[in-house]
Trainee: 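Pasting a structure below so you can have a look.
Owing to the predicted nature of the structure, the values given are computational and were not obtained by experimental measurement. In what follows, every heavy atom counts, from backbone to side chain, and hydrogens, waters and symmetry copies are set aside. Every number for a ligand or one of its atoms is a count from 1 in the order of the listing.
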Amino acid sequence: MKIGVIGTGYVGLIQAVGLAHLGFEVVAYDIDLSKIEALRRGEPPIYEKGLKELLQQNRERLFFTHWVEDLRDSEIVFVCVGTPQDAKGKANLNFVFSAAERIKPLLTGREIVVLKSTVPVGTNRKVQQLLGNSAFVVSNPEFLREGIALNDFFNPERVVLGFGESHPQWVREKMLKVYDYFLKKEVPFVITDWESAELIKYASNTFLAMKISFVNELARLAEKVGAVIRDIAKGMGLDSRIGDKFLNAGIGWGGSCFPKDVSALIWQFKEWELEPKLPKATKEINEEQLLWFLNKIKRHYGGNLSGKTFALLGLAFKPYTDDLRESPALKLAEMLIEEGAFVKGYDYVEGARRNVKKLVELNTSTRYSYGLMVCDDLADTLKGADGVIIAVEYREWNREHWDEFARLVRHKAIFDGRNILERKLVEELVNRGWHYEGVGVKV
Ligand code: UGA
């Protein structure tokens, strides 16, 4: 079966490579010629663990193109284009509709067009209207986590499929055939209507963001009363109804999905004249969290960060990615610079460092250009620092040479924005004269 994929970003590329690995002939189309050329050379334009290897391994079943006509004869076309938020927080659907318009002339009425892009309620219906009788539209939201996206592709916790009420039975059967690998693995399938499928995606991301915001808000109380948020989260998480995931307090959630999806859900409530109370609070708490953390740092330096140098450990929005979108680490860098501090940043992922360097170069007239320096070496990052800030939750920070760091820094202070340093290490560090502050922890 020939399968088409529109968009070779994080979602499209994983979908294309994943399906090729499952044995399908895949044509992946993108309007960006430079991306296509890189992919043809076997080089993914994004960093994702294992992607390059899998791409090269399945090259004979993968065809990359920037000619939309090459999608002709694809029995199923997955639309995996971006749905960025506009200035009001609403999802911008221009890429989705233009993809649909572009493929319409190639369709014969027997194809299935699958929307994998995260789209607000009503979008699948609108795309079906746009395509008329030329194809059947199916909603199939994705639940891939950056950094472990390939693992998530091959081992999903569920597959959600939303169909139109008048879709013939063969459309369902064909979708199940494509995902036969997951059926055989007994992955649960949620077969539903378009609107429910669309909302499952927004609800899942907002709920996860809400868990984090809840624990972050609670961390502020924990700190005041002398409790430890990690223990509280553990005590809560052992209740299987609550679960222990996404209860790590920190400097807040970022990325290409949570911020845009929470905002888009807020917008959808408003469009239907409902008050989005929990999504709104989720967003507000997240916005406050960085300021709350900054104030903690400021207090340690008597309220004045001017002239101070900070080693910022972690740059991307989470570990093992080069994605900087809505990165709390970078937002914190900006806030520190605004306070008159100088920031030296490091991330284990080379691509993340490269992308921040590009950002610094591009923004020659902004704060970044003079306040932020990216180092390729951890020791250089720490040299002369007045404080070390952990902004991304790499467990690897625990295995670093803190004794050597102690000799490099000007002032031994750690602000662990991810509570990632293990308790035993923290105790040792404090005994060796380090000042340590986490999020909702007492030392
Ligand atoms: C998220 C969802 O987890 C995926 O299921 C979904 O498919 C994806 O969005 C999407 O919509 O495409 P992702 O953006 O890759 O995945 O990142 P997460 O691992 O969910 O982390 C998001 C943010 O929350 C990060 O900034 C992370 O540092 C933060 N986080 C996560 C916490 O602060 N605490 C936690 O306990 C967990």
Side-chain angles (χ1 to χ4, degrees), residues 7 9-15 46-49 80-85 91 116-120 140-153 155-160 198-219 229-230 232-234 236-237 242-265 282-283 285-286 289-290 293 313-332 347 352 390-395 416-420 438-440:
Y10 279 98
V11 176
L13 197 50
I14 300 290
Q15 183 76 5
I46 49 155
Y47 173 76
E48 188 63 47
K49 224 186 312 175
C80 307
V81 294
T83 52
Q85 56 175 321
K116 273 207 99 62
S117 304
T118 301
V119 291
N140 173 214
E142 58 85 20
F143 302 99
L144 307 172
R145 286 165 294 176
E146 281 184 27
I148 42 170
L150 280 171
N151 178 62
D152 282 352
F153 178 87
N155 306 289
E157 289 189 318
R158 78 290 213 191
V159 173
V160 175
E198 289 164 336
L199 272 179
I200 286 170
K201 170 68 196 216
Y202 283 106
S204 301
N205 273 359
T206 306
F207 193 85
L208 290 170
M210 187 177 74
K211 274 185 100 172
I212 305 169
S213 281
F214 179 83
V215 85
N216 282 343
E217 191 180 29
L218 200 66
I229 197 66
R230 226 183 336 207
I232 301 170
K234 188 174 175 195
M236 288 166 64
I242 298 173
D244 60 355
K245 308 256 166 52
F246 279 64
L247 283 182
N248 297 322
I251 54 172
W253 39 268
S256 57
C257 306
F258 282 6
K260 112 178 141 59
D261 292 351
V262 173
S263 293
L265 185 62
T282 299
K283 188 173 179 227
I285 293 166
N286 199 51
Q289 192 69 2
L290 271 173
F293 192 68
L313 305 192
L315 297 169
F317 86 94
K318 65 185 255 185
Y320 312 112
T321 178
D322 60 357
D323 196 339
L324 307 179
R325 286 176 284 180
E326 300 282 331
S327 159
L330 287 186
K331 284 190 187 163
L332 185 61
D347 198 291
I390 299 180
V392 177
E393 58 271 41
Y394 283 107
R395 299 215 164 277
D416 184 355
R418 295 295 182 180
N419 288 349
I420 198 71
V439 174

Trainee: If the condition is side chain to side chain contact (heavy atoms under 4.5 Å, CB included), which residues does K260 pass it with, not counting sequence neighbours?
Mentor: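 With sequence neighbours excluded, K260 shows a side chain to side chain contact (heavy atoms under 4.5 Å, CB included) to T83, Q85, T118, given in chain and number order.
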Trainee: Non-hydrogen atoms closer than 4.0 Å to ligand 1: which protein residues do they belong to? List them by chain and number, please.
Mentor: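 Residues near ligand 1: E142, F143, L144, R145, E146, K201, N205, I212, F246, L247, N248, G252, W253, G254, C257, F258, D261, F317, K318, E393, R418.
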Trainee: Checking F214 now: which residues fulfil side chain to side chain contact (heavy atoms under 4.5 Å, CB included) with it, not counting sequence neighbours?
Mentor: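 Result, side chain to side chain contact (heavy atoms under 4.5 Å, CB included) vs F214: L218, M236.
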Trainee: Under a plain distance cut-off of 3.5 Å, with no hydrogens placed, do D323 and Y47 share a side-chain donor-acceptor pair?
Mentor: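 Checked: Y47/D323 side chains show no N/O donor-acceptor pair below 3.5 Å.
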Trainee: What's the spacing between L313 CG and Y394 OH if we round to 0.5 Å?
Mentor: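 The OH atom of Y394 is 11.0 Å from CG of L313, to the nearest 0.5 Å.
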Trainee: Please list, one pair per line, the donor and acceptor atoms closer than 3.5 Å that link side chains of residues 244-252 to other protein atoms, with sequence neighbours excluded.
Mentor:
none

Trainee: Hydrogens and angles aside, do T321 and R145 bring a side-chain donor and acceptor to less than 3.5 Å of each other?
Mentor: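 R145 and T321 do not have a side-chain donor-acceptor pair below 3.5 Å.
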